[in-house]
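Just so we're on the same page: letters track the sequence lines, and every chain starts at 1. Just the heavy atoms: all of them, side chains too, but no hydrogens, waters or symmetry mates, feed the values below.
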Amino acid sequence: AQTVTQSQPEMSVQEAETVTLSCTYDTSESDYYLFWYKQPPSRQMILVIRQEAYKQQNATENRFSVNFQKAAKSFSLKISDSQLGDAAMYFCAYSPYSGAGSYQLTFGKGTKLSVIP
Amino acid sequence: EPEVTQTPSHQVTQMGQEVILRCVPISNHLYFYWYRQILGQKVEFLVSFYNNEISEKSEIFDDQFSVERPDGSNFTLKIRSTKLEDSAMYFCASQSQGLGNSPLHFGNGTRLTVT
């Protein structure tokens, strides 16, 4: 069974600074997807960034980037120029590649990020 | 931007009662999901639904749970006889197509409290 581990229950960062959230996972699959989701106090889970395991290039979305180390099964999220609106719970998630096409996400326990003005 | 909407936002029910959680997925989406998050724990997959049938379900999704898409717009999760341990946040999600470049869109969740 796949597992996703986020070892940092809470993190804080000064506004405008950079922070990295850690995630490791365990799988025997070679094809899969990895995600970072953000859950602000509004509770809605919002996709931040996605990485396909077959792609060597790290995904980037504006201020958000990942460091994907497939051999080490590590998938960290870097937030640059942190903003107050980045304060939220961040979940790392894994999904196997499914020929049927549906995602069955396995989530980590989350990291609560606080942004200090 | 289209959103997944869930109602109610908070539901309180007594143990043993039936409860129906409602979701309106994004209109052109084809894949639908329910996840739950017990307070302080991980978000867990319950079930996925495609082409009017369950495509995958987890061990949590036992005979007490069922899903329906009765009218082509709503997607419901029914718990027949609620238990205390069913208290959780329940998230609905939808996906436009079952491909890797098609992300899940989540609703705001329904907080279910079983007393």
- Query: Most heavy-atom pairs under 4.5 angstrom with chain A, which of Q6(B), M89(B), H105(B)?
  - Reply: M89(B)

- Are F65(B) and M15(B) co-members of a hydrophobic cluster defined by side-chain heavy atoms under 4.5 Å apart? yes

- Taken to the nearest 0.5 Å, the spacing of Q104(A) CD from S55(B) OG works out to 9.0 Å

- Region of Y35(B) in contact with chain A, defined by heavy-atom distances below 4.5 Å: side chain

- Could you pull out the closest heavy-atom pair between V4(A) and K42(B), with the gap in Å? O-NZ, 3.4 Å

- Message: Ring centroids only, cut at 6.0 angstrom: are F45(B) and F107(A) within range, meaning strictly under it?
- Response: no

- Message: Could you check whether any side-chain heavy atom of N108(B) comes within less than 4.5 Å of a side-chain heavy atom of M45(A), counting everything from C-beta outward?
- Response: no

- May I ask you to check whether over 12 heavy atoms, not counting those of D63(B), lie within 6.0 Å of atom CG? no

- Could you look at L105(A) and say if it's the side chain, the backbone, both or neither that has a heavy atom under 4.5 Å from chain B? both

- Query: Quick check: are there more than 12 heavy atoms from other residues, nucleotides or ligands sitting under 6.0 Å from NZ of K78(A)?
  - Reply: no

- Should we say atom CG of L84(B) is surrounded by more than 12 heavy atoms from elsewhere, each under 6.0 Å from it? yes

- Message: I'd like to know if Y31(B) and Y37(A) are part of one continuous hydrophobic network [Ile/Leu/Val/Met/Phe/Trp/Tyr, side-chain heavy atoms within less than 4.5 Å].
- Response: yes

- Atom pair CG (L104(B)) and CZ (F35(A)), whose distance is rounded to the nearest 0.5 Å: 7.5 Å

- Query: Are more than 12 heavy atoms from other residues, nucleotides or ligands located less than 6.0 Å from atom CD of Q56(A)?
  - Reply: no

- Determine whether more than 12 heavy atoms belonging to other residues, nucleotides or ligands lie under 6.0 Å from atom NZ of K112(A). no

- Between the side chain of Q44(A) and the main-chain N/O of F106(B), is any donor-acceptor distance below 3.5 Å? yes

- Message: Counting only non-hydrogen atoms closer than 4.5 Å, does Q39(A) touch chain B with its backbone (N, CA, C, O), its side chain (CB onward), both, or neither?
- Response: side chain

- Within a radius of less than 6.0 Å around CG of D71(B), do more than 12 heavy atoms belonging to other residues, nucleotides or ligands occur? yes

- Determine the option with the most heavy-atom pairs under 4.5 angstrom with chain A, choosing from Q37(B), Q41(B), E44(B). Q37(B)

